[in-house]
Amino acid sequence: MRVPRSRRVSAAILLLSLTGLGLVAPPAHADGPGSGTPYVVTVGDSYISGEAGRWAGSSNDSEAPADALGAHAYHDNASHTAEQIPRCHRSQSAEAYIGGGVGGLNLACSGAKTTTATGDYFKPGIDFYDDGAGNLGQAKMLQQFAVSHNVKQVVVSIGGNDFNFASIVTQCVQDFLLSPSWDPDYCKDDSSVVANFTSANITTVRARIATAFQNVRTAMRNAGYGDTAWSLVVQTYPSPIPSASGFRYSQSGFTRQSTGGCGFWNADADWANATALLTINNTVRAAIGQSGLGNARLLELQSAFNGRRLCEKTVGLYEEVGLSSWTQPTAVDKTEWINQIRTVTTIGSNYFIQESLHPNYWAQLALRNCVRQTYTQNRGGTCTIAGTGLVNGEPRMSLN
C-alpha cells in the first residue's frame, strides 16, 4: 500500500521533533576512527608497560612501606586476577591511563624488543606476529583495537632491549661485586658490552626501531586512520642512576649494592649516563627521521627523574629518610623513583629481578603526567620535575 506523500512528510517531521526532544534516539554510530571516546594507547617495552609500578620507593627492612599497589599490581585481565601475557608487567600505575574522559590501553610488554620473541615467556614486539593461537604482536593488537575505538595518540618506548639493556646491567653489577675497589673490573670496556655500541650495531638497531614506528603507522592505516587523524609520541629513556658524584654510597666495599641496590663502579656510572644512555636515545631520535613519519613527536625523558634516581644523594630508603609508608605526604620527594637492582636473593620475596632499575610507582605516575600534557597540549617536549608534593595523586611535572 502506498502511503500518501503528505503523511510521509508529516511522519518525518514528527520523528525529527521527537529526536530533538530526546524521545527517539538517533541512529547509533559505532566507535572507531574519529568516533567515540578518545584513546591513548601505549606500545613498547618495560619502560612504558609499568614494570616496577607496584613499588613506591624502597626499603631493606620490609616490603610494606613501599608496596603501593599490592599483589594485583600487574594483573591486567578483566577481573584483575592475572596477567593477560605472563611477565609483561602492565601495571595499574602505567602511563597509558591519563583520565579526563580519555580512555587508555596498555599493549606494552616488559622485555619486548622491536620484533616478537618466543621462549620461556612470550614477548610481543611492535610487529604483526600472529601464531593463530591468540599470540599477537603489538602492532597487530593495536590494529585490531583501533578498528573499533577512537585512537588519538599512540605512545611508544622501544629500543633499549635491542641494545640488550638487561644483559648490560647484569654485567656491570657482576663486575662491581666480583672485583675489589683497588682493582675494579669495569663493564664499560667488556667485550660483551662494547659489542652493543659498535657503529654497525647502532645502524642495525636504528633500522629496527624505524621499522617499529612504521609498523605502528601501518596498523593505524589498516584500521582506517589517515596519518593526520592521530599522533605518535616517541619516548626517550630516563637516566636511572646518578653519575659518580651523585651517589650517596661509597664505591668501596659492597654497600652500594648490598644496601642501595645500585652496584655500579663510578666509572661505569659515568659511562652509562654519558655514553650508553646517550647512544640509545640518539638512536631512538634518529629512527624517527629514518621512519619518515610526519606525525611523530618526541617526548624527552633523559633528565626526567634527576634528583630522584636510584642511590642519589637527594633521596633515600624509607628507613634512611625517617618515613614508614609511601602514603606519607613527603614520601614522593624523599624516596627513590627507580627500583633497586635485585639479585637471586630476591627469590622468596614479592620482588621480581626484572623490576630492577625501572621507573617505580612514583615515576610511572610522573610519566603519566607527562603523557597527559603531550595529549592536551598536542605537542612533544622535554618533561622534568616541576616541584614537590603531589597534585591529584601525581608528582608535579613540566613539559617544556
Side-chain angles (χ1 to χ4, degrees), residues 30-51 74-78 82-91 94-97 103-162 205 207-227 229-235 284 287-288 290-293 295-296 371:
D31 284 2
S35 177
T37 300
Y39 268 84
V40 168
V41 179
T42 51
V43 296
D45 57 26
S46 54
Y47 267 68
I48 198 169
S49 73
E51 181 68 85
Y74 304 124
H75 294 165
D76 63 335
N77 65 358
E83 290 189 85
Q84 294 186 57
I85 304 176
R87 297 295 182 95
C88 273
H89 281 190
R90 297 166 175 164
S91 76
E95 60 195 82
Y97 312 115
L105 177 68
N106 184 4
L107 297 178
C109 185
S110 181
K113 296 184 176 182
T114 49
T115 55
T116 294
T118 57
D120 292 340
Y121 293 97
F122 176 70
K123 299 295 181 182
I126 304 179
D127 57 18
F128 295 91
Y129 179 88
D130 186 346
D131 66 357
N135 293 314
L136 306 177
Q138 293 183 45
K140 187 67 175 288
M141 291 186 234
L142 170 63
Q143 179 177 311
Q144 291 184 350
F145 182 80
V147 167
S148 57
H149 296 82
N150 184 18
V151 177
K152 304 300 292 183
Q153 181 168 289
V154 180
V155 189
V156 59
S157 169
I158 200 69
N161 292 320
D162 289 83
V205 173
R208 291 176 185 166
I209 298 172
T211 298
F213 297 159
Q214 291 168 340
N215 286 344
V216 172
R217 178 177 62 189
T218 298
M220 295 298 285
R221 286 177 175 177
N222 290 347
Y225 292 74
D227 292 349
W230 63 285
S231 62
L232 177 71
V233 173
V234 178
Q235 295 184 177
V284 171
I288 297 174
Q290 186 169 333
S291 72
L293 267 70
N295 62 340
V371 169

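Just so it is clear, the structure is predicted and the values come from calculations on it, not from any experiment.
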(message) Any salt bridge linking D130 with K140? Criterion: basic side-chain nitrogen under 4.0 Å from a carboxylate oxygen.
(response) yes
(request) May I ask you to test the R87-S110 pair for a side-chain heavy-atom distance under 4.5 Å? (result) no
(request) Before giving the answer on side chain to side chain donor-acceptor pair (under 3.5 Å), spell out for S157 and D45 the whole-Å C-alpha distance, their side-chain angles and the decisive distance to 0.1 Å. (result) CA-CA 6 Å; S157 169; D45 57 26; 3.0 Å; yes
(request) Might you point out which heavy atoms bring F122 and I85 nearest each other, and give the distance in Å? (result) O-CG2, 3.6 Å
(message) A side-chain contact here means heavy atoms from C-beta on lying under 4.5 Å apart; do I288 and L293 qualify?
(response) no
(request) Examine distances only and state if a side-chain atom of S35 and a backbone atom of G32 form a donor-acceptor pair shorter than 3.5 Å. (result) no
(request) State, with a plain yes or no, whether a side-chain heavy atom of L107 is found less than 4.5 Å away from one of L142. (result) yes
(request) Report the distance from atom CZ of F128 to atom OG1 of T218, rounding to the nearest 0.5 Å. (result) 5.0 Å
(request) List the atom of Y97, the atom of G104, and the distance in Å for their closest heavy-atom pair. (result) CE2-O, 3.6 Å
(request) Sort out for me which residue in V371, V234, V43 forms a side chain to side chain contact (heavy atoms under 4.5 Å, CB included) with V155. (result) V371
(message) Working note: D162 + T114, criterion side chain to side chain donor-acceptor pair (under 3.5 Å); need CA distance, chi angles, decisive distance, verdict.
(response) CA-CA 7 Å; D162 289 83; T114 49; 2.9 Å; yes
(request) Quick one: closest heavy-atom pair of A108 and I48, and the distance? (result) CB-CG2, 3.4 Å
(request) Apply the test side chain to side chain contact (heavy atoms under 4.5 Å, CB included) to residues T118 and Y129: give CA-CA distance (whole Å), side-chain angles for both, the deciding distance (0.1 Å), then the verdict. (result) CA-CA 11 Å; T118 57; Y129 179 88; 3.6 Å; yes
(message) Using a 3.5 Å distance criterion without hydrogens, assess whether the side chain of N295 forms a donor-acceptor pair with backbone atoms of D227.
(response) yes
(request) Could you pull out the closest heavy-atom pair between Q153 and V233, with the gap in Å? (result) CD-CG2, 3.6 Å
(request) Evaluate whether atom CG of N77 has more than 12 neighbouring non-hydrogen atoms of other residues, nucleotides or ligands under 6.0 angstrom away. (result) yes
(request) Return yes if some donor-acceptor pair links the side-chain N/O of S91 with the main-chain N/O of G50 below 3.5 Å, else return no. (result) yes
(message) Rounded at 0.5 Å granularity, tell me how far CD in Q84 sits from NE2 in H75.
(response) 12.0 Å
(message) Tell me which one of D127, D131, N135 satisfies side chain to side chain contact (heavy atoms under 4.5 Å, CB included) with T116.
(response) D127
(message) For a quick test of reading the model, state the closest non-hydrogen atom pair linking C88 to K123 and the distance between them.
(response) N-NZ, 4.4 Å
(request) Examine the side chains of E51 and S46 and answer whether a donor and an acceptor come within less than 3.5 Å of each other. (result) no
(message) If you compare all heavy atoms of A112 against all heavy atoms of P124, which two are closest, and at what distance to 0.1 Å?
(response) CB-O, 3.4 Å
(request) Go through the structure and list residues passing salt bridge (Lys or Arg N to Asp or Glu O under 4.0 Å) with D76, not counting sequence neighbours. (result) R90
(request) Decide side chain to side chain contact (heavy atoms under 4.5 Å, CB included) for I126 and F213; before the verdict, give the C-alpha distance in whole Å, the side-chain angles of both, and the deciding distance to 0.1 Å. (result) CA-CA 8 Å; I126 304 179; F213 297 159; over 6 Å; no
(message) Holding to ring-ring contact (aromatic ring centres under 6.0 Å, His included), I want the full list of residues that pass it with H149, two or more places apart in sequence or in another chain.
(response) Y39, F145
(request) Could you check if a side-chain atom of L136 sits within less than 4.5 angstrom of a side-chain atom of Q144, using non-hydrogen atoms only? (result) yes
(request) Given side chain to side chain contact (heavy atoms under 4.5 Å, CB included), test R221 with Q143 step by step and report yes or no. (result) CA-CA 8 Å; R221 286 177 175 177; Q143 179 177 311; over 6 Å; no
(message) K152: which residues meet the salt bridge (Lys or Arg N to Asp or Glu O under 4.0 Å) condition with it, sequence neighbours left out?
(response) none
(request) Take R217 and L232 through the side chain to side chain contact (heavy atoms under 4.5 Å, CB included) test and state the conclusion after the steps. (result) CA-CA 9 Å; R217 178 177 62 189; L232 177 71; over 6 Å; no
(request) Measure the CD-CG distance between Q138 and N106 for me, rounded to the nearest 0.5 Å. (result) 8.5 Å
